[in-house]
Amino acid sequence: MKNTGPQFSFPNGAPIYQNGAKQNECTFIILGATGDLAKRKLLPAMYDLIAHDRLEKFVIIGAAIEHTTIEHILDGAREFVVGAIDEKVWQHIKERSYYQPVNFNEPKDFTRLYELVDSLEIKHTLKGNRLAYLATASSYFCNLTQQLVASKIIKKSIATDDLWHRIVYEKPFGYDAQSAHEINACIKSCIDESQAYRIDHYLTKELVSNIALIRFTNIIFEPLWNNRYIDNVQIILSETVGVENRGAYYDAYGALRDVVQNHMLEVMALIGMEAPEKLTGEFIRDARAKTLQRIQVIDAVMGQYEGYLNEKSVRPQSTTETFAALFLRINNPRWAGVPFYLKTGKALDKKETVIHIKFKQVDCLLTKNCPTDSNYLTIRLAPDESFILTLNAKKPGLSQEIVPVSMEYSHSCIVGQVNLSAYEILLEEIMRGEQSVSVRFDEIESAWRIIDTIKEEKIPVQLYAQGSKGPEVAEQFAKKHGMRWRS
Ligand code: BG6
């Protein structure tokens, strides 16, 4: 583990995740319980919550169209729990987990689901805080919200601190601005805004929630955070995996809708936003929303990995992009003229999510040899959560040669391997009623407008080899704009 930089420390004995009291109770209702998200993320996150002793009482009720059993679903989720499983905890979860087949279009099935929820809350002496997680495609969101409310599983306006009913909507929320609008109008007619959580798991990643803090609590950054001192910003989300067994979903959505519309643009909004009045939920959402409204697309190139067309459930002639490189700007006085470059892809050479903020190069007045490079602030979200400040310094010895040196804060070196998944934090924050983990509709809408603009261009995809750095056009794009991808 690298730890070459200054030593940071937290108060002795402070727990890694200090965010208030343990939650008392929750009835989790997972719609789409047989899907990938439930298996890979939600159920393991629920296990973690219980294993970390963050939730006292609970019941988990899975529902989906398939006729299956909760044992089968839990068996599938087991391998996605990170680290050794505590069998006692697993058994405890098994004893409080249930499954019921539900046809999403059948009101009678929701009445039966309501009866199950009600009887299980009595059985397990729960007072009825309900979190309905829609782990489904967004085309079901409207219908499912209506069914949940009509069957009284979720009651409108039950949103006090003492008793709450909440619905969680996975990303991507919609397919484009128009569909997102329609879904949102439908949801608004069923439940209060305070009951709706349109989530983006990136917002609970440790270093993403740290971006605003790094900016606004360090005098060495915020005064420089503008077009006078920043040359460009790169946001890179690179993955080694292909579409895995999500071919049908991915082929309909592609990289722009899958990760750019949500994760990458939200990160860009956090980097670009003006200082919020306070560093809390609604103020941060306001600041992010204003930034997203000002984003303009300058250029874009697309790619598709070789062999993508052979993936299960992908259309034979599909032109869906599995790679995208974008040049965006934020049209406001702070960022006038500063390029924001975004790059993402599946089946690339490495798994990495990183932000590089490149500062302008200084004039060489003092030394014989000019600095070799600009200063960079690198915020690494994964792997090895860290931030790194690259400075210029004299090479040890007699020469006056300048070399780049890195000061690195490695999160895991200080707090130990961070063992809280983004989804675990997400569930806990939703139970707590923390709205900043939920993306407000105006943010979603602005982000869709950006994606819609790019999609209208019908940019052809260029093939790239699996395990490579992406298509050749990404390098041509870099040359054309006089930049260099930093990873
Ligand atoms: C999900 C996308 O939202 O984010 C996936 O649907 C992608 O395609 C994933 O792999 C990346 O998330 P993370 O947390 O692994 O960076």
Side-chain angles (χ1 to χ4, degrees), residues 32 35-42 44-45 48 80-82 133-139 168-175 197-211 235-268 270 302-305 308 311-314 318 320-324 342-355 379-386 411 417-427 437-439 443-444 447-448 451 466 470 487:
D36 241 39
L37 181 74
K39 182 166 72 178
R40 288 167 183 255
K41 301 287 184 188
L42 291 181
D48 286 339
F80 294 99
V81 172
V82 177
Y133 204 114
L134 309 196
T136 67
S138 62
S139 48
V168 186
Y169 302 92
E170 249 302 319
K171 58 114 298 238
F173 190 91
Y175 184 76
Y197 285 75
R198 304 170 198 84
I199 57 98
D200 181 337
H201 77 275
Y202 261 58
L203 293 180
T204 54
K205 281 188 186 267
E206 188 59 38
L207 281 226
V208 173
S209 31
N210 219 328
I211 292 173
I235 302 171
I236 294 170
L237 193 169
S238 146
E239 298 187 273
T240 48
V241 292
V243 295
E244 300 174 292
N245 46 354
R246 299 160 74 218
Y249 154 79
Y250 196 89
D251 200 41
Y253 281 75
L256 289 175
R257 293 185 170 104
D258 183 43
V259 294
V260 179
Q261 186 271 342
N262 33 77
H263 307 329
M264 298 185 81
L265 288 175
E266 282 296 327
V267 167
M268 178 171 165
L270 280 169
M302 305 288 145
Q304 185 185 83
Y305 63 82
Y308 172 75
E311 299 278 17
K312 193 167 158 237
S313 310
V314 164
S318 174
T320 295
E321 77 287 351
T322 60
F323 176 98
L342 274 54
K343 184 170 82 161
T344 184
K346 296 258 185 214
L348 293 177
D349 60 339
K350 58 174 149 176
K351 162 89 181 153
E352 177 182 62
T353 311
V354 66
I355 305 159
I379 304 173
R380 180 176 290 283
L381 310 182
D384 302 332
E385 297 165 307
S386 50
H411 201 67
Q417 204 58 48
V418 181
N419 56 356
L420 298 169
S421 74
Y423 275 90
E424 179 185 358
I425 298 175
L426 193 70
L427 291 175
V437 296
S438 164
V439 186
E443 297 178 69
I444 291 182
W448 274 127
I451 302 303
Q466 293 192 30
S487 25

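Along the sequence shown, the residues carry numbers beginning at 1. Remember, it's 1-based here, ligands and their atoms both numbered in the order they're listed.
Looking at K351 against ligand 1, only its side chain comes within 4.0 Å, counting heavy atoms.
Below 4.0 Å from some heavy atom of K346 lie the following atoms of ligand 1, by number and element: 5 (C), 7 (C), 8 (O), 10 (O). Shown in contact with Y202 at under 4.0 Å from a heavy atom are these atoms of ligand 1, numbered in order with element: 12 (O), 13 (P), 14 (O), 16 (O). Heavy-atom contacts of H201 reach the following atoms of ligand 1: 3 (O), 4 (O), 12 (O), 13 (P), 14 (O) (cutoff under 4.0 Å). Close contacts between ligand 1 and K171 involve ligand atoms 1 (C), 2 (C), 3 (O), 6 (O) [criterion: under 4.0 Å to a heavy atom]. Within the listing of ligand 1, atoms 1 (C), 3 (O), 4 (O) sit less than 4.0 angstrom from a heavy atom of H263.
To the nearest 0.5 angstrom, I451 atom CD1 is 8.5 Å from N262 atom CG. Interatomic distance, D200 CG to H263 NE2, rounded to the nearest 0.5 Å: 5.5 Å.
Between H201 and T204 the shortest heavy-atom distance is O-OG1, 3.0 Å.
With hydrogens and angles disregarded, a donor-acceptor distance shorter than 3.5 Å links the side chain of T322 to the backbone of Y305.
Nearest non-hydrogen protein atom to atom 8 (O) of ligand 1 is D258 OD2, 2.6 Å. In terms of protein heavy-atom proximity, atom 14 (O) of ligand 1 is closest to K205 NZ, 2.7 Å. Atom 11 (C) of ligand 1 has as its closest protein heavy atom E239 OE2, 3.8 Å.
In this structure, Y423 and R40 have side chains that are not in contact, with every pair of non-hydrogen atoms separated by 4.5 Å or more.
Note: Y250 and Y308 have perpendicular aromatic rings, judged against thresholds of 30 and 60 degrees for the angle between ring planes.
For D36 and K41, the salt-bridge test fails: no basic side-chain N is under 4.0 Å from an acidic carboxylate O.
Every heavy atom of Y250 sits 4.0 Å or more from the atoms of ligand 1.
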